[in-house]
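Below: one structure, written as structure tokens.
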Amino acid sequence: MRKIDTHNKSEWLHNGKVVPKKDIIEIIQRFNIQINNLTQFLPQDRVSEFAKLAPVQLLEETEKAIGDPQLPIQHHALVEKSRKLKNIEVAVNMNGETLDREKALNSELEKDVERVRQREELLSKVECMRKKLPWLKYDMKKAEYMEAKEVEKDAKIKLDEAVKTLKDLKEPIEKQKQEKSLLDSKCKKVTNLIQDNAKQRMKLLEKKNHLGVQLEGKYNEMEDLKRQEEFRQQRILKAKEELAAAEIELQNLPNYEPPRDKLERLRSQITELQIFANQKRMQKSEMEKLINQKKMALRQCIDRLKDMENTKYKLLQALRNSGTGGIIDAYQWVQQHKDELNKEVYGPVLLEVNVPDRVHADYLEGQVPYYIWKSFITQDPVDRDFLVRNLKSFDVPILNYVRNEYHFKDPFEVSEKMNELGIYTRLDQVFDAPDAVKEVLISQCGLDRSYIGSKETDKKADDVAKLNILDFWTPENHYRWSSSRYGGHLSAIVEPVHHSRLLLCSVDAGEIEKQRCRKEELEESVIALEESFKSLLMEQKHLENEGADLQRQREEIISVAQEKKRTQRELENRLNQKKRKLESVEKEDDLDTGMAKLIDEAAKIRIQRLQYAIAIKDLLVEAVRYKWSLAEKLMASIEFDAKIRDHEINLKQHEKFSQQASLHVEYCKKEVENHREQLSAAKRHAESIAVITPKLAKAFLEMPTTIEELDAAIQDNISQANSILFLNQNVLKEYEHRQEKIESIAKKLEADREELKRCLAEIDSLKESWLPTLRNLVARINETFSRNFQEMAVAGEVSLDEHDKDFDQFGILIKVKFRQAGQLQVLSAHHQSGGERSVSTILYLVSLQDLTNCPFRVVDEINQGMDPINERKMFQQLVRAASQPSTPQCFILTPKLLPDLEYSEACSILNIMNGPWIEQPAKVWSSGECWRAVTGLAGD
């Protein structure tokens, strides 16, 4: 049993226990239950499909349902092997013909092939001789290389001798240079001592001159000191006079008292004005806030009024009034987050649709469900998931549109018959919308199957259905036809056309007028507040100006008082400065003390100058001694230079000879390198032509040993080869290619023949096992079917349609006749009526009852369409066949049964009762009473 919960999740039970789905599948396979096999499960709507089964298909279904389970497997294997056998036979015939044809063509080319091979042998010999030619050139280059190496060796010996002689000449020169270098270092040391002596003398001389300058300065200071004493006396007298004048000026300065009462009065007035000004500022700030609030309310009111007058807002308002409270917030959210979406998002759908005609708007709104109008349409699965997550709280549907690139619609055309009935267009042609929105509306609401007619269509509504138009609109009614699943008859539903509430909606005019009045009130209020704000600003400015005037008067009074105090402080400071100056002048040293100090300093300077003069004399004596020693060392250095110069002249001559020897060696090396490169190039060339192998070396021994003789031999062989002529240049290639093809075809032909024998043996083996069993089963089915059919009608038989080794064409033929004068005809939908097909089908199923290898079989409403006589006979045969032992259970599902049918003990009848008034009849039925008691109770 399978349970499906409200979340569309399944639970499988077997014998009351929950098991996995794979266990149920294994049980179905183990019991050979085939849901799609019409011989086991035959619904009412597939009876005609059973009659349409081809003989081949009927054989396959029968093999699966009855007898040995190996039969369908063996049948399938025989079909595959017979196809394989046909392919192999075709391949064997084609390969045999191809092989004979290729052999005949090759036999014609054998003489030409022999001449070609002789010519190729001569050319091969020429090619081998040409391979030796670069190796002979290599040997010649090798001899030249060895000769150059000998010349290089002699040049190196001469160079070594010259280098040894040069070394012997350099040793005494180096020794003399070392002695001269030592002597030069001593000269440099003496020179440094002379320079140090001169520097010391210059320093002592500078110090001596500096002391002379100091001594001259002391003498000048003594003269200045005498003059300064005279000037000091004059400054003391002048300072006393200035001090007396400052004391008099300070005594004559009048006292000044600031007007404190006036200052206090001005301060209190300024404070009072500041308090009034602050009050005005606070009033101005509050009024500014009030004006901003009123302006904000005015802007909101204007925006609200624009929205109310806007068409989209009208549509959104209509959706909100119809029950979708969050539609406006959802629309605004989508507009704000458009940049986060991958593709264009449309919605709500009501905003995207434009219907020019009011009547068509009524039709379209009546055809499209309400949930579609408030939906948003995405074109990308990621956008859909994004909107579903974020618009969940707004309760709006999200639909995803996927474009079908390969779906093309035929253009709409109105036929003549439609015009006669008043039909002039279709519902998908009367509105404009983006492609995605239009496709969603068409696919979800069937707009391409709903037509629009005129009042004439109302009068001819019954004739419209004959054109296979099952949905159309007229100015007054909406017509819909539906087809019954069982009888196929049509039933119509006619509904009145309602006026559109969404597509042609408008906002309440009273609400718009109310918003306009509010806007005027807010504008007047803002103007009045701005006037009050200007007057308040002028009052604040007047108070601030008065306060500024009073503050300026107060600051002038304070400035005058501060100026008086500053003048008095300046006079007092000047008096103190004069006193301090007089005291400092009086405290200066007198003339005698300064003069004695200068005399002592002059005596010390004279003594230091004498000491410096003695030191300079000693340094001059030492400098003379150093210069004498330097002159001796310079003379010795000059003698070393003359000796070294003579040795170097001799050395240069030997160096010149050694350099010539070195150049000769370098030249010899270059010559050797050139010969080596030529030798390597000759070897690479020879190796590129041919690498010497033992076989090739042996062939080289039989060829001429000089280049001239080898060239002559090559020309002789070429002449012989050119004397052999033939027309087809590619004859050898054709012969060898065809020979390879012959060998390949021969091998494949042999393999195909072996495969053909093996395949024939396998088919014969399988056929001996499968065909007798199948013939036996068909004979048993035929026996039962013929006997049962004689009871029901005139005659019927089941036969096996055999086709030798074409096993894919084997089938079962059901032949019946229902009239004495007729012939047996194969069961089909063209020759028999629905009732005859039902009788034939159920009799065939009854014939399979004792052969079916499955636990149960199901037949749905097979008795529908039969006449009562055939239905009663059919039921008796079905009861008899299903009641036999060791046969599968047989379930017949039907809404009715004939009265007074005969049942066996093996039969059970299950009545399914459902409904709010069925409880009491169900109790009566379960107690064993007859149907009359049940119906009587229901009547009460």
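Annotation for Leu543 and Ala277: closest pair CD1-N, 3.9 Å, computed over non-hydrogen atoms. Taking every heavy atom of both residues into account, Leu536 and Met287 meet most closely at CD2-CE, 4.4 Å. Glu144 approaches Gln678 most closely through the heavy-atom pair OE1-OE1, 4.4 Å. Smallest separation of non-hydrogen atoms from Cys668 and Val151: SG-CG1, 3.7 Å. Of all heavy-atom pairs spanning Asp383 and Lys343, the tightest one is OD2-N, 3.0 Å.
Atom CD of Glu622 is surrounded by more than 12 heavy atoms from other residues, nucleotides or ligands within 6.0 Å. The local environment of NE2 in His210 is sparse, with at most 12 non-hydrogen atoms from other residues, nucleotides or ligands closer than 6.0 Å.
Ion pairing between Lys670 and Glu666 fails under the 4.0 Å rule for side-chain N and carboxylate O. In this structure, Glu530 does not pair ionically with Lys294, as no charged nitrogen and carboxylate oxygen lie closer than 4.0 Å.
A distance of 11.0 Å separates CG in Leu522 from CD1 in Ile527, rounded to the nearest 0.5 Å. Distance check, rounded to the nearest 0.5 Å: CG of Leu341 to NZ of Lys338 gives 9.0 Å. One distance of note links NZ of Lys186 with NZ of Lys188; it measures 16.0 Å at 0.5 Å rounding. Rounding to the nearest 0.5 Å gives a distance of 7.5 Å between CZ of Arg676 and OG of Ser680. Atom NZ of Lys203 is separated from atom CG of Leu619 by 11.5 Å, given to the nearest 0.5 angstrom. Expressed to the nearest 0.5 Å, how far CD1 of Ile302 lies from CD of Gln300 amounts to 10.5 Å.
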Arg281 vs Glu544, salt bridge (charged side-chain N to carboxylate O under 4.0 Å, His left out): CA-CA, chis, key distance, verdict: CA-CA 11 Å; Arg281 289 192 192 97; Glu544 288 175 350; 3.1 Å; yes

Full working for side chain to side chain contact (heavy atoms under 4.5 Å, CB included) between Trp333 and Leu387: CA-CA 10 Å; Trp333 189 95; Leu387 292 184; 3.7 Å; yes

Val672 vs Lys669, side chain to side chain contact (heavy atoms under 4.5 Å, CB included): CA-CA, chis, key distance, verdict: CA-CA 5 Å; Val672 170; Lys669 284 182 179 180; 5.6 Å; no

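Only one option out of Lys280, Gln283, Lys284 pairs with Glu539 in a side-chain hydrogen bond (donor to acceptor under 3.5 Å, both in side chains); it is Lys280. With respect to Tyr145, the side-chain contact (heavy atoms from CB on, under 4.5 Å) criterion is satisfied by exactly one of Met140, His675, Glu671: His675.
Side-chain contact between Gln195 and Asn192 is present, with heavy atoms from C-beta onward closer than 4.5 Å. The shortest distance between side-chain heavy atoms of Glu272 and Ile275 does not fall below 4.5 Å.
No donor-acceptor pair under 3.5 Å is formed between the side chain of Glu523 and the backbone N or O of Leu298.
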